[in-house]
Structure formats: structure tokens, C-alpha cells
Amino acid sequence: MKPYIIGVDIGGTGIQSGLFDTNGQLVSTWNLKTNNKDRGSSIVEDVSQSIEKKLSEHQLDKSMILGIGIGVAGFIDRESGFIHESINIGWRDFPLKLQMEKRMGLPVLIENDANAAALGERWKGAGNGANDLIVMTIGTGVGGGVIANGEIIAGANGMGGEIGHYPLDPKNGFLCNCGKHGCLETFSSATGIVRHALEQVKRNPFGRLARLTKKGNNLSSKLIFQLAEEDDPEATAIVNQAADALGYTIAALGVICNPVYALIGGGVSQAGELLLSKIERSFKKYALTRVSDICEIKLCTLGQDAGIFGGAYLVQKNGSR
Ligand code: ZN
């Protein structure tokens, strides 16, 4: 078997890549800026050149590469590797797999970025190779990946596992990026947390949160978590709400896919134990006992590297069939 794999994670602002051996050992990692100009037309060339440069640094030849696995943000067809739309990158109706294979002369596999991150965590991160697990990546939005029987649930047109848009409060919730109201990410993403904090400042203009904001503090999710650590009642209520929304969603998904782990990653997960313990409390409150008995809520362990590990896994799995 060819001894190396390339994993790539293409996002709206940056592209991360990794050189792996076929056991999933990360040999080297490198980053590029995403060039969104001209609807992302230079990206295939940019990524290809960076891979070739890295291979020559390591004195490796293309013939030693089993394949390239790529996680991409956006709506994709994983079988054909066709990108229907990737708003932040600029691609629309873009045959990524085809173009990349033509340019590099190597097999290329494509997956949605959140799903790739979930596969990475399962393979080499907190997922311990479990067959049934949920991964939630909480940052600006809430990304998700659901793995059942060892396979990503992609669904009929790729919308499976879009946990961020789980409709928690469609009647009264805030408007979400997707055009609907009250999705999970309007409660639990960094953006959602700040939005609820701003509402609280309006409701209580002489409270501590309002005073701190007027002092020139940026109202960030990090600040809200800091205040919650100090038992500030307004910040605690907002964090409780965000955690409750996550715990409820895991309980709801629990009766569908009965996971062993619910893994929490992304920037917001840096809040660590404070957030985890609150999610767990809500999860136990709402979930069927047999669902919560088997399911451990843990932090992801691969951080930013989850996507490239997932990309490499796609190739490894495909190659070992
Ligand atoms: Zn939504």
C-alpha cells in the first residue's frame, strides 16, 4: 500500500492541510489563505501547489500518496465530489473532485467539513472509534456530524446531521442564517449567545452586564462565560439557556441514533467544564434514561485538526476496502 495520505480542510477564510501516514500519524501540517476572488477559481491550483511543495520538502513522490481527502464548507454531493454551493468560498456548481483529480493525478474524496471533523474525532480524537456518536462544533455557528453504525448520516441530499438548524423554537426564536426561526444555533453559537446578551442589556439597562458593556467591553461569548464563572446571574442565565438548548437537542437526537458519545468542539467549547456540566444536566433531565445512561458528553480533542484527520480517514477507509 502507498504509505502517505493528504487531508485538506477548506474553509471560507483558511485552508488547512496535513500529510499523514496510513496509520493516521500526522507528519506535517500547513495553512493557506482562502483566495475567494473570482469565485474561488484559484483554490484548486493553490492547494495543489502547496501539496507539491510539501511533498518535495519531505522528498516524497506523488506515487507514494494513496489519495487526497477534502472537507469543504457548503452543500456538496459527496459521491460525485460536486459542490452545489459554498457561499463563503465562492463556489457554485463546482466539480471539485474532478478538477483536483485532473490537476494532481491522484484519487480525491470529498466530504462536508463538519462531517469530516466528526469522522476525524471518531478516528483519532475523543470518539475512540465508536460506531454511534454525535459531534457538535460550536463557534460562530453550530456545525454537526452524526455517525450511525460507523457511517456519516448524510441523508437524501446532504442535509443529514445539520444539527445547528435543529428547530428548537421556530415560533418565537430569533431569525437564523438559514431563514428559519429559533434553530439551535440561535441559542448556543457564539453569535447566538451574544445576541441573547444584547437582549438582556436592553431589558436591564442598569444591570452589571449593561454597565460592563458601556465601559467599552466587547460583548463576546467569552466575556459571558467569564462572568458566568464568577456567578454573575445575568450571564449565568444566558449560559444556562445555551447549554439547555444543547442538552435538549442531544436528548432529542438520542432517541433517533442512540449515541455512545456526544462530542462538543469549536471555540465556545473552550468554556470547558462549566459548559459541559450544564449540558449534561439538561441532557439527563430531558433524555430517556437508557439513552442518557449510555451516552457520555465529552470535549473534542483534535481542535482545528479534526477536519484534516477526517479528510485523511476518507482516503484510508477507501484504500483499505
Ligand atoms: Zn437555522
Side-chain angles (χ1 to χ4, degrees), residues 9-13 71-78 83-92 111-118 133-148 152-200 219-221 224 238-257 259 262-269 271 275 278-279 282-283 286 297 300 306-307:
D9 184 6
I10 305 182
T13 52
V72 192
F75 301 142
I76 65 158
D77 184 320
R78 59 219 289 258
I83 315 293
H84 295 291
E85 188 169 23
S86 182
I87 296 166
N88 297 332
I89 295 166
W91 287 333
R92 180 185 277 262
E111 181 58 91
N112 164 277
D113 62 342
N115 288 343
L133 63 112
I134 298 172
V135 180
M136 290 168 150
T137 311
I138 311 168
T140 320
V142 175
V146 177
I147 295 173
I152 281 285
I153 297 186
N157 68 356
M159 290 293 98
E162 287 289 335
I163 301 172
H165 301 287
Y166 187 87
L168 271 174
D169 188 5
K171 286 182 185 154
N172 304 309
F174 284 145
L175 180 67
C176 181
N177 280 336
C178 69
K180 306 290 181 188
H181 285 84
C183 298
L184 171 65
E185 73 176 38
T186 68
F187 291 95
S188 307
S189 66
T191 327
I193 288 168
V194 168
R195 232 160 128 188
H196 283 278
L198 287 168
E199 282 296 303
Q200 179 58 26
L219 202 47
S220 62
S221 62
I224 303 300
I238 294 162
V239 170
N240 283 351
Q241 179 181 254
D244 195 65
L246 290 164
Y248 177 86
T249 305
I250 300 168
L253 295 173
V255 288
I256 297 167
C257 60
L263 305 179
I264 313 287
V268 171
S269 71
L275 181 66
K278 287 175 191 287
I279 296 173
S282 292
F283 172 55
Y286 302 126
I297 299 177
C300 291

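We count ligands from 1, going down the list as the structure has it; atoms in each ligand are counted the same way.
Remark: Y286 engages Y248 in a ring pair (Phe, Tyr, Trp, His ring centres under 6.0 Å) (not counting sequence neighbours).
Sparse packing is recorded around CD1 of I87, with 12 or fewer heavy atoms of other residues, nucleotides or ligands lying under 6.0 Å away. Counting heavy-atom neighbours within 6.0 Å of D77 CG, excluding the residue itself, gives a total above 12.
Shown here are the protein N/O/S atoms lying under 2.8 Å from the Zn ion (ligand 1), water excluded: H165 ND1, C176 SG, C178 SG, C183 SG.
S86 places a side-chain N or O within donor-acceptor distance of the main-chain N or O of A73, the cut-off being under 3.5 Å.
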Identify each donor-acceptor pair in which a side-chain atom of residues 161-171 lies under 3.5 Å from a protein atom, sequence neighbours left out, and give them as a table.
unit_1 : atom_1 : unit_2 : atom_2 : d
D169   : OD1    : N172   : N      : 3.3

If you look only at distance, which donor and acceptor atoms sit under 3.5 Å apart when one is on a side chain in residues 190-197 and the other is two or more places apart or in another chain?
unit_1 : atom_1 : unit_2 : atom_2 : d
T191   : OG1    : T140   : O      : 2.6
R195   : NH1    : L175   : O      : 3.1
R195   : NH2    : L175   : O      : 2.9
H196   : ND1    : Q241   : NE2    : 3.1
H196   : NE2    : T186   : O      : 3.2

